[in-house]
Amino acid sequence: MTTVDLELGLKPKDFKSDQEVRWCPGCGDYVVLNAMQSFLPSLGLKRENIVFISGIGCSSRFPYYMNTYGMHSIHGRAPAIATGLAVTRPDLSVWVVTGDGDALSIGGNHLIHALRRNVNLKILLFNNRIYGLTKGQYSPTSETGKLTKSTPMGSLDHPFNPLSLAIGAEATFVARTLDNDRAQLTSILTAAAQHRGSALVEIYQNCPIFNDGAFDVLKEPGEKEQRLIPVEHGQPIRFGPDREHAVLRNDRGGLEIGPYDENRVVVHDATTDDPAYAFALSRLSTQDLAHTVTGVYRNVDRPTYDDQARAQVSAATDAKPADLRSLLRGRDTWTVG
Amino acid sequence: MTTVDLELGLKPKDFKSDQEVRWCPGCGDYVVLNAMQSFLPSLGLKRENIVFISGIGCSSRFPYYMNTYGMHSIHGRAPAIATGLAVTRPDLSVWVVTGDGDALSIGGNHLIHALRRNVNLKILLFNNRIYGLTKGQYSPTSETGKLTKSTPMGSLDHPFNPLSLAIGAEATFVARTLDNDRAQLTSILTAAAQHRGSALVEIYQNCPIFNDGAFDVLKEPGEKEQRLIPVEHGQPIRFGPDREHAVLRNDRGGLEIGPYDENRVVVHDATTDDPAYAFALSRLSTQDLAHTVTGVYRNVDRPTYDDQARAQVSAATDAKPADLRSLLRGRDTWTVG
Amino acid sequence: MQLTGDRFTSEAAAFGNDLATLPNFPAEIRAPAGTLPGVSSFQLHFADDDILTPGDRPDVLVAMNPAALKANIGDVPQGGTLLVNTDEFVKRNLGKVGYDANPLEDGSLDAYQLLPVAMATLTQGALADTGLSKKDAERCKNMFALGLLSWMYGRPTEGTERFLREKFARKPDIAEANVLAFRAGWNYGETTEAFATTYEVAPAKFPPGEYRQITGNAALSYGIVAAGQCAQLPVFLGSYPITPASDILHELSKHKNFNVITMQAEDEIAGVGAALGAAYGGALGVTTTSGPGIALKAETIGLAVMQELPLLVIDVQRGGPSTGLPTKTEQADLLQALHGRNGESPVPVLAPLSPGDCFDVVIDAVRIALRYRTPVLVLSDGALANGSEPWLIPDVDELPDLRVTFATEPNATDGSGEHWPYVRDESLAREWAIPGTPGLQHRIGGLEKADGKGSISYDPDNHDRMVRLRQAKIDGVEVPGLEVEDPGGHADVLVLGWGSTYGPIGAACRAIRKRGQSIAQAHLRHLNPFPANLGEVLARYGTVIVPEMNLGQLSLLLRARYLVDVVSYTKVAGTPFMESELVDVFSEHLGTTLAEAA
Amino acid sequence: MQLTGDRFTSEAAAFGNDLATLPNFPAEIRAPAGTLPGVSSFQLHFADDDILTPGDRPDVLVAMNPAALKANIGDVPQGGTLLVNTDEFVKRNLGKVGYDANPLEDGSLDAYQLLPVAMATLTQGALADTGLSKKDAERCKNMFALGLLSWMYGRPTEGTERFLREKFARKPDIAEANVLAFRAGWNYGETTEAFATTYEVAPAKFPPGEYRQITGNAALSYGIVAAGQCAQLPVFLGSYPITPASDILHELSKHKNFNVITMQAEDEIAGVGAALGAAYGGALGVTTTSGPGIALKAETIGLAVMQELPLLVIDVQRGGPSTGLPTKTEQADLLQALHGRNGESPVPVLAPLSPGDCFDVVIDAVRIALRYRTPVLVLSDGALANGSEPWLIPDVDELPDLRVTFATEPNATDGSGEHWPYVRDESLAREWAIPGTPGLQHRIGGLEKADGKGSISYDPDNHDRMVRLRQAKIDGVEVPGLEVEDPGGHADVLVLGWGSTYGPIGAACRAIRKRGQSIAQAHLRHLNPFPANLGEVLARYGTVIVPEMNLGQLSLLLRARYLVDVVSYTKVAGTPFMESELVDVFSEHLGTTLAEAA
Ligand SMILES: Cc1ncc(C[n+]2csc(CCOP(=O)(O)OP(=O)(O)O)c2C)c(N)n1
Ligand SMILES: Cc1ncc(C[n+]2csc(CCOP(=O)(O)OP(=O)(O)O)c2C)c(N)n1
Ligand code: SF4
Ligand code: SF4
Ligand SMILES: [Mg+2]
Ligand SMILES: [Mg+2]
């Protein structure tokens with residue numbers, strides 16, 4: 001990445017493109033867009049060195065609204081396209097914007113491979129638990145039994161927990177937050193940007209049109225305190241109106257929720273190398289949102305695909321000059337005439 | 001599934017097709033084929049009610065050699081094709097045969113979706129950590145740094161742990177075994193067949209031609225005892241020449257390997273609902289095979305996609321007769337002439 | 001075009017105007033009246049007449065509340081579009097007008113294209129930052145509706161915006177609020193892929209019988225259900241949502257009582273894969289998508305070609321290439337349907353010519369798929385999918401018998417008692433031997449198969465033979481002869497079309513005939529194989545004009561096949577042809593002909 | 001055919017025979033000698049001559065041990081196939097003949113198609129259950145080698161098996177062991193997709209210069225490396241292994257020192273996606289595959305068409321449809337390349353005519369891609385990929401300058417100082433403004449774009465204009481005129497081919513001319529757009545014969561475009577045409593001509 005230059009003096013408005021934002025009024029996507037535009041100046045990068053690549057979906061319109069480079073690609077393929085860019089252009093900060101259908105339905109394979117490769121990509125997964133753009137079919141994160149246009153008798157598929165899937169796919173950075181929690185969103189974006197490698201950030205995003213209120217229980221005062229479990233690196237994991245609940249180790253090698261207990265409480269360590277910890281954390285979140293863990297679950301270092309790919313090119317170049325003539329001649333030639 | 005009829009009196013040879021088996025001499029696929037042919041009579045199913053569907057790869061030639069119904073399909077798509085068959089034909093026992101490239105590279109998305117849906121499929125993943133059919137490129141399970149035809153300077157991607165991925169994808173049944181362990185293979189096939197839902201069975205399979213000896217350390221006397229960790233439901237997890245090692249709970253919510261300790265040893269419970277347990281187990285297996293857990297990691301009940309899909313059809317049929325005339329007429333008609 | 005635009009703008013303005021003063025008036029907006037055959041302009045009217053003949057009904061009803069819906073739904077033909085403000089559909093309002101259940105949810109509007117939109121909420125959301133009172137903001141919801149309609153019918157927006165600014169010149173904040181609401185409606189249409197189109201074919205005279213209104217997507221869905229019933233097979237639909245095909249998935253998922261299973265797959269490849277798996281098991285396997293999805297399904301369709309299994313693939317074409325214009329119509333997937341697979345991979349291709357024809361074409365496509373054991377592609381398009389027409393309800397007893405015979409006995413020609421999957425009947429179709437049949441265990445796959453026996457074969461002669469056999473099978477598919485409409489019988493110019501251009505071409509031909517000139521019209525429903533008499537038909541006419549909403553794909557095929565120098569007229573604008581436009585184009589060639597004849 | 005088979009069988013038998021008695025004799029097997037132009041028989045010889053002319057070298061060397069390799073490698077042309085028994089390549093044996101390092105691993109055989117096979121191990125494995133002594137079993141490894149070669153060269157096996165049984169009639173266990181080993185070798189070839197072919201074009205006379213032997217896949221790879229150098233761009237290859245294209249990935253991955261990054265992607269879609277991402281960033285994006293992979297890449301190629309970004313897509317065609325015959329050659333992806341995407345999605349298509357020509361064609365394809373900002377498809381095939389020919393080593397200084405100019409300044413035509421991505425130059429190409437360039441931030445995508453400005457546009461006229469602009473850009477690609485070889489200048493019959501049929505067509509034409517008859521030959525390297533003079537060339541000849549290894553795909557295009565009744569001669573057997581076969585076909589038409597002329 002280019003060196004950080006906080007002297008650029010860019011303002012959030014500098015990151016607004018001239019395109020009219022076309023999401024439905026009240027769409028959670030607006031909040032994320034604003035948070036992103038407010039956050040980017042703090043990165044200290046020039047606008048031209050930032051690229052947003054999206055798939056298809058409401059959320060995937062994101063790049064049009066950013067005054068950076070951007071590509072609105074095809075459904076599900078953004079991680080693959082972004083990989084080619086990230087590998088060849090270490091000077092760029094490459095962001096992927098995707099939806100729950102885009103990333104987890106048609107694009108599931110590219111996502112898990114990008115994560116295991118640990119390509120330098122920041123992947124923002126806007127999870128509204130519905131297909132917005134195509135007007136309201138269920139998605140791979142929709143709760144079982146969901147009534148939608150394509151499932152008038154209720155959906156049958158057990159949903160993915162995107163973070164469990166990502167951790168199972170060897171991800172080095174995974175986080176979750178809510179569209180309405182600007183502070184946490186910003187801090188997670190910062191951490192993701194700082195992480196060298198793939199960062200998956202799941203953002204629960206309200207779609208007021210096709211899945212309105214999907215996350216209301218995580219936003220309503222009185223409810224949210226009982227349900228939201230924010231984790232902070234180095235802090236014991238406590239929650240509840242009076243921080244009376246906590247995440248505790250259980251005796252089956254997993255984690256569980258119980259009354260706060262100083263001896264059993266888990267102190268969050270996002271750098272835990274063994275992904276079993278972050279995975280266990282991810283299982284505390286349930287389909288019905290009885291509990292939802294937010295924050296950076298996992299943030300560990302591992303060599304990135306793109307750094308290594310470039311290192312191989314450097315090593316090869318150092319070892320052997322790029323002598324085209326000799327390549328074409330090979331070892332065994334003969335002369336005619 | 002059809003009722004089990006042990007009186008059929010089928011023999012292993014009845015499951016051999018007339019096609020000459022064409023794998024390389026010494027290929028691990030032979031052993032699995034033989035084990036399968038020996039095991040199938042015990043299922044008590046008629047041959048015509050068993051279907052093998054494969055993708056493309058050496059392993060995917062499997063269906064040709066079975067005297068059952070079979071389809072050698074296209075690369076990576078067997079789980080999707082098998083899903084359509086399983087949903088419409090509850091009377092069949094549907095098996096998917098796939099390789100590490102077929103299942104985890106091009107076919108990764110179909111695999112994870114089949115698992116989360118919990119379709120009645122038994123998926124046998126022949127993992128030789130290489131692309132055999134295309135003559136020796138690295139695969140998504142190859143160890144980092146592997147020298148292959150496509151990676152003369154060493155592969156860069158961090159491999160998948162297929163079982164971690166499957167558990168992250170909400171799988172209800174996951175197991176691992178080795179091609180040379182006929183007894184365990186047979187017992188796992190039995191358990192998989194009995195499981196209602198998707199069962200993923202990973203089989204470490206030697207490819208003597210392009211990745212010879214990949215699993216030798218797990219087979220050599222003296223070595224294997226130190227490395228193999230077989231798990232049995234209800235049994236404490238112990239291993240080592242003198243069963244002196246054990247799997248223990250650690251204090252980060254995961255599992256670890258240590259000297260046997262009656263109080264800390266984990267008693268294997270494949271039916272643990274929280275997948276965090278099976279996931280933690282899966283992380284004990286390492287890229288370099290220093291340790292490898294085999295056996296049935298996870299075996300839990302969850303409604304299957306296909307059972308429910310058929311139940312919806314039944315419910316709809318019961319609720320409303322299939323009156324085509326009235327469907328075509330709809331509610332609002334008029335007459336001309 | 002410009003003129004139409006102006007008129008629309010002013011009409012739209014009138015609408016906005018009146019609605020602003022009469023907020024509870026149920027607005028009915030309709031594209032051209034059904035009896036004006038083939039007109040594809042974009043007029044916007046109030047429905048000021050109460051009793052509408054079936055052919056003269058509004059295409060779109062905008063119901064701002066339950067009362068408006070109740071009072072006017074009777075006028076809307078089935079298949080018509082209902083744009084409904086869901087915010088008012090609360091218990092109290094519903095009760096007031098005598099609705100026991102919410103009609104938006106109880107399925108009673110299944111026969112319509114229901115577009116439920118929380119217009120008040122959305123409008124208020126859009127105006128949240130304007131400082132307008134809630135009441136004032138709410139008032140703007142009609143402009144939201146107009147914005148959405150403008151998007152759906154592809155109307156330019158500047159005029160309306162200008163009008164609003166002028167009208168509320170003295171209340172600039174109200175003007176801006178209305179503009180904002182208007183734009184929010186427009187944006188909503190674009191971001192959520194709202195699709196609308198007007199497809200109108202009115203035959204000169206309706207034959208007697210019982211009619212209903214139907215959209216192309218509904219007719220496709222009913223065709224699939226009916227085909228399953230006629231074949232006495234379970235139907236399995238594997239599909240992934242995509243505009244403008246999603247509604248087939250939605251519709252079919254409501255008819256599980258017809259032994260229909262619908263599966264929303266993880267992607268298009270899985271959708272067609274699952275359908276193929278179901279077909280292998282003896283179900284009627286179906287997959288539905290639009291152009292980009294066909295590209296993704298290509299490899300699996302190729303597998304079905306190799307495996308010679310029946311499979312119905314429906315492509316509701318939209319504007320391309322790439323994501324293109326997802327809510328616009330186009331006919332540019334014909335060559336993809338024919339050639340978009342590796343190797344020699346022939347498949348029959350059919351295309352319906354009107355919304356109602358979608359039903360018949362699907363039945364015919366299923367006939368071919370089942371009879372010849374082959375994937376079959378049906379090319380609908382956005383104009384058919386969402387357009388509607390009066391439809392002579394088919395007599396269920398007259399539907400064809402599509403029952404199949406599954407193989408039950410081993411068929412090896414060497415007396416071995418084995419089952420050989422690639423033994424063919426007189427139509428060159430192989431047997432459909434489904435799993436579960438005792439004694440017929442066999443293996444199929446994507447590798448080349450030995451003629452007859454079906455085991456893997458790398459033999460050069462066998463491959464050449466199999467390639468030609470597969471081609472001959474498709475070439476030999478029986479399709480009805482092409483009928484030509486040439487009333488006087490002495491036309492020199494033939495207009496040959498395919499797909500949804502039937503309406504405008506027919507209208508243009510009728511207009512020309514009304515002027516006293518002769519012109520012949522024929523419309524291809526079978527694009528592969530072509531009707532046997534096509535070459536002969538082409539040869540009969542001095543000039544053959546082929547209008548297409550692509551760059552001349554059928555023309556290419558005709559030229560290659562019959563070496564006829566057809567005149568290709570093309571428009572790729574995402575909108576159907578206009579009658580007037582075609583009249584002009586056809587006239588050019590008629591002119592010459594007349595002059596020559598004179 | 002039968003005759004050839006018999007000869008092969010007996011030759012093979014001879015080979016087996018001798019080898020059985022002389023186990024350390026280095027067997028050299030070769031398909032037809034290079035100087036016999038275009039012969040595509042399957043003879044099998046001992047190399048009994050020590051000094052081979054460049055044009056008369058063995059195509060395959062079977063080296064059962066290091067000594068055999070060392071002694072004979074000098075005779076094998078680069079690009080030739082080395083079938084090596086790796087079991088003997090142990091330190092001791094290597095040392096004995098003076099190898100410091102294992103030549104199978106140290107890269108010194110990079111210039112050959114190396115097929116390292118543990119033949120002894122595999123043979124012993126295959127014979128494990130026979131009870132044969134290890135030594136006896138080991139002896140059979142030559143039959144393993146023969147079995148593998150029989151597979152590779154598509155030879156029938158019965159003859160050899162019969163021969164072995166007869167030869168060892170008195171030692172039935174030895175006979176069976178040999179048969180088993182033979183079959184094991186054959187199965188190994190099939191299961192691991194071993195590919196071999198013989199492609200031979202020997203021009204009448206070699207122009208002077210320095211030569212080497214080269215295979216098509218190597219030439220494609222070198223072409224890509226060279227194009228990157230000529231363009232001074234980094235090369236990014238995103239690819240997924242597939243026979244017969246994998247070797248390009250393998251080859252390129254060895255040349256990272258030329259600023260080449262190779263990525264083995266998770267599938268074909270990711271491979272082309274990553275290449276497109278790299279192209280967006282200003283690299284030379286390349287993806288390589290075979291037919292089924294092209295089907296999967298279609299949607300992304302369509303995106304590249306819409307985004308108008310340079311991209312090189314290589315399809316090494318193999319037998320289809322579906323998985324088909326992965327190790328056999330075919331030319332049946334031409335129409336897929338042209339039409340296999342949704343919407344009007346034009347791309348330039350090129351096809352090399354010989355292994356060495358792959359180099360030039362890639363360079364030309366990259367020129368077009370970079371110049372016109374478009375994806376370009378190159379259609380090679382299995383025969384070219386693995387076949388080899390003497391290649392006049394290009395002079396690096398004479399390679400074209402492919403440097404590009406990235407946009408650096410905003411280009412909005414309205415003076416706004418913005419960057420408009422869809423402003424076009426005189427070739428209709430848009431600017432390549434890569435991320436990282438200050439002030440040129442812009443967004444592109446798959447939705448239709450407003451002409452010039454590039455923002456999303458649903459405007460009908462704009463769409464029509466953009467569809468035609470994209471088409472016009474590709475139609476306007478400058479390609480060299482078609483050259484016709486018509487020595488006397490009075491031929492009435494033209495043979496027009498494309499791709500790897502060049503060799504056999506050329507040979508057949510020369511044979512006919514040798515007989516004193518006239519025949520003209522032309523070979524298309526540009527399939528889209530066609531050379532400007534193609535129509536005129538076709539018009540010059542009374543008969544145009546178009547031989548293709550498909551069911552007439554180029555014929556279809558020619559007929560459609562030029563309304564010329566070309567004679568299509570097709571064979572889809574997975575094997576190249578034979579000279580004799582073509583001579584017969586061409587003669588039929590010449591016969592008539594002569595008669596008429598007389
Ligand atoms: C190949 C292809 N298949 C299907 C579609 C239709 N499609 C576009 S976006 C989408 C799903 C959108 O859901 P999600 O990713 O959750 O995004 P959201 O709109 O909810 O933000 C679908 C099915 C398409 N554009 N391309
Ligand atoms: C669409 C497509 N892409 C690529 C291939 C080539 N291909 C066939 S099998 C295979 C990988 C085989 O590896 P694996 O699944 O591990 O099976 P194995 O041969 O090792 O048993 C590849 C890349 C293909 N047949 N089709
Ligand atoms: S449909 Fe939902 S996700 Fe899409 S823009 Fe509207 S509110 Fe947002
Ligand atoms: S290449 Fe490997 S996996 Fe394939 S058949 Fe041979 S030994 Fe088995
Ligand atoms: Mg969504
Ligand atoms: Mg493998």
Side-chain angles (χ1 to χ4, degrees), chain A residues 76 104-113 115-118 140 144 151 153-154 156-161 163-170 172 247-256 266 269 272 274-277 279-284 302-309 311-312 315-316, chain B residues 76 104-113 115-118 140 144 151 153-154 156-161 163-170 172 247-256 266 269 272 274-277 279-284 302-309 311-312 315-316:
Chain A
L104 298 171
S105 200
I106 192 167
N109 205 31
H110 307 304
L111 179 73
I112 60 179
H113 281 269
L115 294 176
R116 84 174 172 96
R117 290 199 187 102
N118 202 26
T144 307
T151 53
M153 298 181 75
L156 305 174
D157 329 21
H158 188 80
F160 281 134
N161 177 327
L163 298 196
S164 297
L165 181 68
I167 296 164
E170 314 291 327
T172 55
V247 170
L248 314 169
R249 256 172 286 288
N250 73 15
D251 60 1
R252 291 235 40 83
L255 300 176
E256 65 184 33
V266 173
D269 180 358
T272 309
D274 183 356
Y277 165 67
F279 188 86
L281 211 50
S282 77
R283 301 316 294 187
L284 299 176
R302 196 173 70 215
T304 74
Y305 182 87
D306 45 324
D307 287 339
Q308 295 179 92
Q312 288 193 339
Chain B
L104 298 170
S105 201
I106 192 168
N109 205 32
H110 307 303
L111 179 73
I112 60 179
H113 281 268
L115 294 175
R116 83 174 173 96
R117 290 197 187 104
N118 202 28
T144 308
T151 53
M153 296 179 76
L156 304 174
D157 328 23
H158 189 80
F160 283 134
N161 177 327
L163 298 196
S164 298
L165 181 68
I167 297 163
E170 314 290 328
T172 55
V247 170
L248 314 168
R249 257 172 285 289
N250 74 14
D251 59 2
R252 291 235 41 84
L255 300 176
E256 63 184 33
V266 173
D269 180 359
T272 308
D274 183 356
Y277 164 65
F279 188 86
L281 210 51
S282 78
R283 302 315 293 189
L284 298 177
R302 196 173 69 216
T304 74
Y305 182 88
D306 45 323
D307 287 339
Q308 295 180 91
Q312 288 193 338

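Not measured: the values here are computed from a predicted model. So you know, we letter chains A, B, ... as the sequences are listed, proteins then strands, and number each from 1.
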Verify, without hydrogens or angle tests, whether [X] (side chain) and [Y] (backbone) share a donor-acceptor contact under 3.5 angstrom.
X: B:His158; Y: A:Thr304; value: no
X: A:Glu170; Y: B:Ser164; value: no
X: B:Asn109; Y: A:Ser105; value: yes

Given heavy-atom pairs under 4.5 angstrom as the criterion, report whether the side chain, backbone, both or neither of A:Leu115 touches chain B. neither
Using heavy-atom distances under 4.5 Å, tell me whether A:Ala316 contacts chain B through its side chain, its backbone, both, or neither. both
Taking side chain as everything from C-beta outward and backbone as N, CA, C, O, which of these in [X] sits under 4.5 Å from a heavy atom of chain A? Side chain, backbone, both or neither.
X: B:Ala309; answer: both
X: B:Pro303; answer: neither
X: B:Asp274; answer: side chain

Supply the atom-to-atom distance B:Ile167 CD1 to A:Phe279 CZ, rounded to the nearest 0.5 angstrom. 6.5 Å
Gap between atom CG of A:Leu165 and atom CG of B:Leu165 - 0.5 Å precision: 6.5 Å
Is the shortest heavy-atom distance from the side chain of B:Arg116 to the side chain of A:Asp157 under 4.5 Å? yes
Looking at A:Leu156, A:Ile106, A:Leu281, which one has more heavy-atom pairs under 4.5 Å with chain B than the rest? A:Leu156
Can you name the closest pair of heavy atoms from B:Gln312 and A:Gly154 and give their distance? NE2-O, 3.0 Å
With respect to chain A, which residue among B:Val266, B:Leu104, B:Leu111, B:Thr144 yields the maximal number of heavy-atom pairs within a distance under 4.5 Å? B:Leu104
As an exercise: rank B:Pro275, B:Ala169, B:Gly108, B:Pro159 by heavy-atom pairs under 4.5 Å with chain A and give me the winner. B:Pro275
